[in-house]
Amino acid sequence: MTRVPEPTTWEAQAKALIRRRYALLAAADSFHEDARDKAIAAGVPTAWYDALPLRIAGVFSGCGWPADALGDWNQDIVVDLGCGGGLDTRFVAERLPADSVVVAVDLTPELLARVRNSVSDISGASVRMLAGDMERLPLPDGIADVVIANASLNLATDKNAAFAEVARILRPGGQLLAADLVRNGPLPPEILADPMAMASALGGVVEEPEFYAALDRAGFTKIAFSGHRPFGPVVAVDISARK
Ligand SMILES: C[S@@+](CC[C@H](N)C(=O)[O-])C[C@H]1O[C@@H](n2cnc3c(N)ncnc32)[C@H](O)[C@@H]1O
């Protein structure tokens, strides 16, 4: 039997902080005061976003819009990894055929109630909500055609484990489509000194070559980083890779 390594105390504490932060956010109508500005700047289609009620629109917490790259909308199973309140999940589920499935996975169980709310009125694919850690996903090998991840991969305390899991659940030829953050050089001292930085998605940000190398180690091919844009003290990028 494969032995699943125990997380270190640091990893366990970081995850507890992440869960606590996002559980608090899950209780708010809007996760950020400027959620609309952030969403539009990230590439969420404006007309689609503006037609959503606040309780749904307010959950945006991403740094891009990886769902745009899905293309032909004919996938059977799409996994939204670190789905947050489920805005990307909704967008994808609305567009996929009714016999497709979107699996919305998040570490923070409180957010999955928001996902249920975010998709309650749509027709399209079925949405299954799954509380789980991207570093040890409770999903079988090779089930996903596409994994999308919007501003969540950088929160993995062990990126090698997370990318290995993404590769494991993708079918051969399946695709990872992500928006995430990278840094040019060291993080500013105020972020390094902030114990909450890991939970706010900045503390775990690595440089692009390190990100690339971790995807490569996990066996991905055709790894591409594009659309670099400033995002606070770091840089947001679109990432695609093939299993
Ligand atoms: C910045 S938010 C992005 C949420 C969503 N993708 C969006 O664009 O609105 C990051 C999300 O990743 C989740 N997360 C953090 N660490 C995780 C892990 N190890 N496994 C699964 N989800 C995780 C958090 O609970 C949070 O919902």
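We count ligands from 1, going down the list as the structure has it; atoms in each ligand are counted the same way. None of these values were measured; they are calculated from a predicted model.
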Q: So if I apply the ring pair (Phe, Tyr, Trp, His ring centres under 6.0 Å) rule between F91 and each of F60, Y49, W65, which one comes out positive?
A: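 Among F60, Y49, W65, the one that satisfies the ring pair (Phe, Tyr, Trp, His ring centres under 6.0 Å) with F91 is W65.
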Q: What residue and atom, counting heavy atoms only, is the protein's closest point to atom 9 (O) of ligand 1, and at what distance?
A: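 Of the protein heavy atoms, S61 N, 2.8 Å lies nearest.
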Q: Does a salt bridge link D238 with R229, judged by any charged N lying under 4.0 Å from a carboxylate O?
A: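 Judged by the 4.0 Å cut-off on N to carboxylate O distance, D238 and R229 do form a salt bridge.
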Q: I'd like to check whether S152 has a polar contact with ligand 1, where a contact means an N/O of the residue lying under 3.5 Å from an N/O of the ligand.
A: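 No, no N or O pair falls under 3.5 Å.
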Q: With respect to atom 6 (N) of ligand 1, which of G82, G84, G62 exhibits the smallest heavy-atom separation?
A: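 Comparing heavy atoms across G82, G84, G62, the nearest one to atom 6 (N) of ligand 1 lies in G82.
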Q: Out of D106, D80, T89, who is nearest to atom 24 (C) of ligand 1 when you count heavy atoms only?
A: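 Selected option, by shortest heavy-atom distance: D106.
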Q: Using a heavy-atom cut-off of under 4.0 Å, does the side chain or the backbone of L107 touch ligand 1, or both, or neither?
A: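 Both backbone and side chain.
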Q: Work out which heavy atom in A35 is nearest to a heavy atom in S30; give both atom names and the distance.
A: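 Closest heavy-atom pair between A35 and S30: CB-OG, 3.6 Å.
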Q: Using heavy atoms and a threshold below 4.0 Å, how should the contact between V59 and ligand 1 be classified: side chain, backbone, both, or neither?
A: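 Under 4.0 Å from ligand 1, V59 contributes backbone atoms alone.
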Q: Taking the side chain as every heavy atom from C-beta outward, state whether H228 and E208 have any pair of such atoms under 4.5 Å apart.
A: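 Yes, at least one pair of side-chain atoms sits under 4.5 Å.
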Q: So, does G132 sit close enough to ligand 1 that a heavy atom of it is under 4.0 Å from the ligand?
A: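 In this structure, G132 qualifies as a contact of ligand 1 - some heavy atom is under 4.0 Å.
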Q: Could you see which bit of A162 sits under 4.0 Å from ligand 1, with heavy atoms only: side chain, backbone, both or neither?
A: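 Answer for A162: neither.
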Q: Considering only non-hydrogen protein atoms, determine which one is nearest to atom 19 (N) of ligand 1 and report residue, atom name and distance to 0.1 Å.
A: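 The answer is D133 OD1, 2.9 Å.
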Q: Heavy atom to atom 20 (N) of ligand 1, shortest distance: which of M134, R136, E11 holds it?
A: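 Nearest option to atom 20 (N) of ligand 1, by heavy atoms: M134.
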Q: Which residue and non-hydrogen atom of the protein lie closest to atom 10 (C) of ligand 1, and at what distance in Å?
A: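 In this structure, atom 10 (C) of ligand 1 has L155 CD1, 3.3 Å as its nearest protein heavy atom.
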Q: Does a side-chain N-to-carboxylate-O contact under 4.0 Å join E94 and R90?
A: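 Salt bridge flag = yes for R90 with E94.
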Q: Closer than 4.0 angstrom: is that true for some heavy atom of L111 and an atom of ligand 1?
A: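 Under 4.0 Å: yes for L111.
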Q: Heavy-atom pairs closer than 4.0 Å: do any link ligand 1 to the side chain of D88, the backbone, both, or neither?
A: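 Contact part for D88 vs ligand 1: side chain (C-beta onward).
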Q: For A178 and L153, which heavy atoms make the closest approach, and how far apart are they?
A: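 Looking at all heavy atoms of both residues, the shortest contact is CB-CD1, 3.8 Å.
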Q: Can you tell me if E190 has over 12 outside heavy atoms packed within less than 6.0 Å of its CD?
A: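 Yes, because the 6.0 Å sphere around CD of E190 holds more than 12 heavy atoms from other groups.
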Q: Below 4.0 Å from any atom of ligand 1, is there a heavy atom belonging to A156?
A: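 Under 4.0 Å: no for A156.
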Q: Determine the minimum heavy-atom distance between F225 and I223, stating which atoms define it.
A: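 Taking F225 first and I223 second, the nearest heavy atoms are CE1-CG2, 3.7 Å.
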Q: Do other residues, nucleotides or ligands put more than 12 heavy atoms under 6.0 Å from the CG atom of D121?
A: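 Enclosed.
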